[in-house]
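Order of the sequence lines fixes the chain letters, A, B, ..., with proteins taken first and strands second; residue numbering starts at 1 for each chain. Predicted, not measured: the structure shown is a model, and the values here were computed from it.
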Amino acid sequence: MGVEQKLGNMGVVTTTLEQAVAWSRTNAMWPLLFGLACCAIEMMSAQASHYDMSRFGMELMRPSPRQSDLMIVAGRVSRKMAPVLRRLYDQMPEPKWVISMGDCASCGGVFNNYAVVQGVDEVVPVDVYVAGCPPRPEALIHGVLTLYEKVRGIKFADVQK
Amino acid sequence: MPDIQEVTVDDLKHLVSEKAIQGETMLLNMGPQHPSTHGVLRLLLELDGETVINCIPDIGFLHTGIEKNMEAKTYQKAEVMSDRLDYMNPVGNNLAYSMAVEKLVELDVPVRAQAIRVILAELTRYQSHLVWLGTAALDLAAMSMFLYCFREREYILDVMELCSGQRMMTTYIRPGGLWRDVPVEFEAAVRNILKTFPKRIDEYEALLTRNPLMLDRTLGIGRLTGEECLNFGVTGPMLRASGVKWDLRKTRPYSGYEQYDFEVPTRPEGDVYARFLVRLEEMRQSLKIVEQALNKLPMGPVRSNNFKFVPPPRSEIGVSMEALIHHFKLWTDGFNAPKGSIYNAVESPRGELGVYLESDGGPKPYRIHWRTPSFDNLQSIPLMAKGVLVADLVAIIGSIDIVLGDVDR
Amino acid sequence: MDKKLQPIIEELEKEFGATSTEYRGDASLVLPREKIVAACQKVQGLGFELLSTLSAVDYWPQQEPRFHVIYEFTSVSMNLRFEIRVPVPGINPSLPTVTHIYRNANWRERELWDMFGIKAEGHPDLRRILMPADWEGHPLRKDYPLGYEEPQFTFNFEEIDLRKPYAKE
């Protein structure tokens, strides 16, 4: 917030409630530890030493959907997996977001056939799509930061409706 | 939302014992979303207290229809799918596919291309073992190994990116050779790996090999004998950890592996710890092969000049009418392979990776079947899991080194 | 063909009335399906410990035989490899199981049932393995459609957008 530096230590910070909520949501967003295919390896890379996604408050991957805010669908979703994916999504507490990582999750990618769901947006509502096959870790981090921008833009008045 | 019945415990009820139905033993569903199943494997466990009585694997959650999809594409375009099959070993899959096509249409590969193929395949094997080491050690609660292994993996991915422009799904090895020659920075990058990595393996050894926690969790767990392995179709490091010296690189050499001097590590014990030692030694041997191949890397072309099957170089298209025609024909119609069927296998980091390829004389594979090693390796899990604790089962799954893309195709 | 493999192939030809072919150095035997269990027992006794793979090819619309089931055998002790092909008719396709000889045939035969609809008779647990249990049809048959959907591009974006079943919260 930076108010302290400008005004000195007054022991009080003023902000709007919306900003405070957005700040807390974006600085500790816990993704679901949920890998499907190739993209899951790049997601692990993004978590690991070289790219270190914890710089953005995401060092905690939660294996339980009940403790997570963000689902990163990393990889192709088969018809057999789709109901499982939906159940995981339904178990996550509100507010929740979904990043569709990679071409296969976004639109089916190279696999245009009987076994693969053509875009995970047919199963769960998606907030951010990340392109690439598989996307580089930088691309995933960019996707996460784009999601943060979206979360910061949420107005309470809109949510009520 | 596709309207398909969800998986429940009930659909596998007929496989469990009478005790479980009566409620004397407990049924526990593990997966498909579970951090230690390395993907989307589902196991139904029948437990007595914490002891596993029965373990029933359920697979297919990552079934992608790759075989059917490859049959709908021409030989060149189908290769793209092969990377995504076993996504820890994309270069090895390309190699298996390219060699199968080369065997079918009788293409010769230049020696330089063969040597570069070996270098990249061995680096990919190393990379795959690194991810295995990181995640399997993570399952045994050694968190730092994960960070170390992924640090090293980036160096190898940088080499892949240098050659092909992609980090993982390179499609760099093509039928008839390579996509193009390696850049000038290639040698320095690989030399850097050769210089730093042996010390790093020593670091892993110092952290794990004599670690009492590691020994407690792995010694004597998940035993398989050599005969059991062969009867279950288990190949690769798992087979070698059970005392059978079988490595396709040595026994049926391909791509010039016969020129390189390397050992095939084996262990007699056949438990999780033996598999760990075998894979670690394989990493050292991979570096040894890479070094030899790099030292005597021959100069010359990297693609066959049989332009009926291999696209001509980009530079020739502008000056040669014939090259232009070949290029056009290859990328619109593809080439017609002679009628017949072949089976060709290479050694992937997980075992025998085979391709059965059948042609009806047209430009598309009539039938392509992938003999993926994880599919057979995973089948042995009910045998290994009998009578172990749930925590040991996690160690066993880690030691198989399954890649679900490899299992489900 | 490998010199060590020659007598083995000849022996199998004589004993089971098989016909052998060679293509690109790989030996292949065609056997009638009634004899596959006896042949597998014999082959395992001869030192082929590993059943590398078991799959099938669909020659639709040809009906008699519609399928060829392929067994690839590997001998670790002798370093040999050959294949056996078993023709299977298109109506009510089935063949006897070999799970009691090679235990990894278990999942491979389940895959055969799942993908081609070829029943392995006497299999301990024959059900679908890769597709969901209530799936209709056998995907790798040639008369099964690929299931291709039209990709979304700029020019047809809105048209597909209208009929695409997006998920709700």
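- For B:I59, the part sitting under 4.5 Å from any heavy atom of chain A is the backbone (N, CA, C, O) and nothing else.
- With hydrogens and angles disregarded, no donor-acceptor distance shorter than 3.5 Å links the side chain of B:Q33 to the backbone of A:S64.
- Taking CG from B:L157 and CZ from A:R136, the interatomic distance works out to 9.0 Å, rounded to the nearest 0.5 Å.
- Between chain B and the options A:M44, A:Q47, A:R76, the largest number of non-hydrogen pairs under 4.5 Å is found for A:R76.
- Proximity to chain B is limited to the side chain of A:L32, based on heavy atoms less than 4.5 angstrom apart.
- With hydrogens and angles ignored, the 3.5 Å screen pairs no side-chain donor or acceptor of A:N113 with any backbone N or O of B:I66.
- Proximity to chain A (any heavy atom under 4.5 Å) is shown, for B:L138, by neither the backbone nor the side chain.
- For B:L62 against A:L36, the heavy-atom pair with the smallest separation is CD2-O, 3.4 Å.
- For the atom pair B:F150 CZ and A:S49 OG, the distance stands at 8.5 Å (nearest 0.5 Å).
- Side-chain N or O atoms of A:S78 include one that pairs as donor or acceptor with a backbone N or O of B:F61 at under 3.5 Å.
- When atom types are taken as modelled, the side chain of B:Q166 and the backbone of A:C133 share a donor-acceptor pair closer than 3.5 angstrom.
- In plain terms, the two heavy atoms of A:A115 and B:G65 that are nearest each other are CB-N, 3.9 Å.
- In terms of heavy-atom proximity, B:M81 sits nearest to A:V110 at CE-O, 3.3 Å.
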Evaluate B:Y155 against A:H50 for side-chain hydrogen bond (donor to acceptor under 3.5 Å, both in side chains), listing each step before the verdict.
CA-CA 10 Å; B:Y155 288 94; A:H50 208 82; over 6 Å; no
Working note: B:D58 + A:K80, criterion salt bridge (Lys or Arg N to Asp or Glu O under 4.0 Å); need CA distance, chi angles, decisive distance, verdict. CA-CA 11 Å; B:D58 184 15; A:K80 197 172 177 178; 3.5 Å; yes
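- Comparing A:V77, A:L88, A:V124 by heavy-atom pairs within less than 4.5 Å of chain B, the highest count is held by A:L88.
- Between the CZ atom in A:F111 and the NE2 atom in B:H63 there is a gap of 11.0 Å [rounded to 0.5 Å].
- Going from atom CE of B:M168 over to atom SG of A:C38 covers 6.0 Å, rounded to the nearest 0.5 Å.
- Taking CZ of B:R153 as the reference point, atom CD1 of A:I41 lies at 6.5 Å (rounded to 0.5 Å).
- Only the side chain of B:R167 has a heavy atom closer than 4.5 Å to any heavy atom of chain A.
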